[in-house]
Amino acid sequence: MTSTITLISAQFEDDLSARSDESGVPASALGHVAGSEAHWAASGLPSRKRNVRSWLTFWADENAAHQFVEKRNDHIPLLADATDVLTAVLQPFAAHGDVNWFDGSAAALNFQLAQRPDKTAPVFIITSAGFGGFGSGAIAFGQGTHTVREAVQGQDGVRYEAQILADDPKIDGVTLSLWDNQMAVMDFAYKRDPHKSVMAVMDHEDVVRGSFTRCLVKSFDGIWQGKRVNI
């Protein structure tokens, strides 16, 4: 059975408090990452953008994923107050690396992969990094992330981009992006700076794990930053 991932992102008029979201981990979910939007300063230090929030949830069953999206307001009542909401149902077709999203302990990704889509199809990218310390490597990672996110803004081929700074500081945060196709991803990530150079930071001892997952898009719909996004 193909692994399935749901994403819900929401923007609010006012900042949320640390206790505004009481939804918790959905029943029958394999894993779950929830948190505020991450803001990286040029200094390399992160902060929380508390009026933007996302929920990334992992499922063994595609039907359960679709049902969760359809009944999202029942599980996350906070969404009723959002100004913008988008939802996605995704299926990994390529993944590598280690994460601690599932039971709190680090382990290699072990998705049941979907069939690789056509190269012209939209692709959703999930990446993560875990840190063993907050030294020069972590600062360099933050500085690089700040530079990359500035470059992504307005980048041709990008339809959506966000990050999750997890509520639980022991859980790895994630970066999220929706691209027109796999070639657009490869060109930005591996062939051009700043991302090409920033990838070298992942070899620093501060960065103890990382992951990269490519997903086919089963559905992607909503309003984001005042604009309709739909696939």
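Atoms considered below: every heavy atom in the structure, side chains included; atoms not considered: hydrogens, waters and symmetry mates.
- Not one N or O on the side chain of H96 forms a donor-acceptor pair closer than 3.5 Å with the backbone of L109.
- Within the 4.5 Å cutoff, side-chain heavy atoms of Q163 are placed close to those of W40.
- The closest side-chain heavy-atom distance from T213 to T127 is not below 4.5 Å.
- Looking at D84, its side chain never comes within 3.5 Å of a backbone N or O of A10 through a donor-acceptor pair.
- Although no hydrogens or angles enter the test, the distance criterion places a donor-acceptor pair under 3.5 Å between the side chain of N100 and the main chain of K170.
- Counting only heavy atoms from C-beta outward, the side chains of S9 and Y160 approach each other to under 4.5 Å.
- For the pair W59 and S28, the minimum side-chain heavy-atom distance is below 4.5 Å.
- Counting only heavy atoms from C-beta outward, the side chains of R209 and V99 never approach each other to under 4.5 Å.
- Nearest heavy atom pair, residue A94 against residue L113, reads N-CD2, 4.0 Å.
- D167 and G35 get closest at one heavy-atom pair: OD1-CA, 3.4 Å.
- Residue F102 is grouped with residue L90 when hydrophobic side chains (ILVMFWY) are merged at heavy-atom distances under 4.5 angstrom, including chains of intermediate members.
- A heavy-atom distance below 4.5 Å is found between the side chains of L176 and I164.
- Using a 4.5 Å cut-off between side-chain heavy atoms of Ile, Leu, Val, Met, Phe, Trp and Tyr, with links allowed through other members, L30 and L7 fall into the same hydrophobic cluster.
- With F220 as the fixed residue, the side chain to side chain contact (heavy atoms under 4.5 Å, CB included) test singles out one of V89, L86, N230: L86.
- A heavy-atom distance below 4.5 Å is not found between the side chains of L78 and N73.
- Neither V69 nor I231 shares a network with the other; the hydrophobic side chains, linked directly or stepwise wherever heavy atoms of I, L, V, M, F, W or Y lie under 4.5 Å apart, form separate groups for each.
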R214 vs F212, side chain to side chain contact (heavy atoms under 4.5 Å, CB included): CA-CA, chis, key distance, verdict: CA-CA 7 Å; R214 300 180 191 178; F212 186 98; 3.1 Å; yes
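- Defined by atom type and a distance below 3.5 Å, a donor-acceptor pair is missing between the side-chain atoms of D221 and S219.
- Across all their heavy atoms, I76 and S23 have their closest contact at CG1-CB, 4.0 Å.
- V229 and L56 fall within the same hydrophobic cluster, where Ile, Leu, Val, Met, Phe, Trp and Tyr residues are linked whenever their side-chain heavy atoms come under 4.5 Å apart, directly or through other members.
- Between R48 and D15 no salt bridge is recorded (no basic side-chain N to carboxylate O distance below 4.0 Å).
- I8 and W224 fall into different hydrophobic clusters, where Ile, Leu, Val, Met, Phe, Trp and Tyr residues are linked whenever their side-chain heavy atoms come under 4.5 Å apart, directly or through other members.
- Under the 4.5 Å side-chain criterion, counting only non-hydrogen atoms from C-beta, I126 is in contact with W101.
- In summary, the aromatic rings of F93 and F111 are positioned with their centroids too far apart to meet the 6.0 Å limit.
- Of all heavy-atom pairs spanning T57 and P26, the tightest one is CG2-CG, 4.0 Å.
- Remark: side-chain polar atoms of S3 are paired, donor with acceptor, to backbone N or O of Q112 under 3.5 angstrom.
- Tested against L216 for a side chain to side chain contact (heavy atoms under 4.5 Å, CB included), the candidates R116, Q91, Q115 yield a single pass: Q91.
- For the 3.5 Å distance criterion, the side chains of H66 and E62 qualify, holding a donor opposite an acceptor.
- Annotation: H32 is not in aromatic contact with F58 [ring centroid separation under 6.0 Å not met].
- Counting only distance, with no hydrogens or angles, the side chain of T83 and the backbone of Q11 share a donor-acceptor pair below 3.5 Å.
- For W179 against S177, the heavy-atom pair with the smallest separation is NE1-OG, 2.7 Å.
- Ion pairing between R50 and E37 fails under the 4.0 Å rule for side-chain N and carboxylate O.
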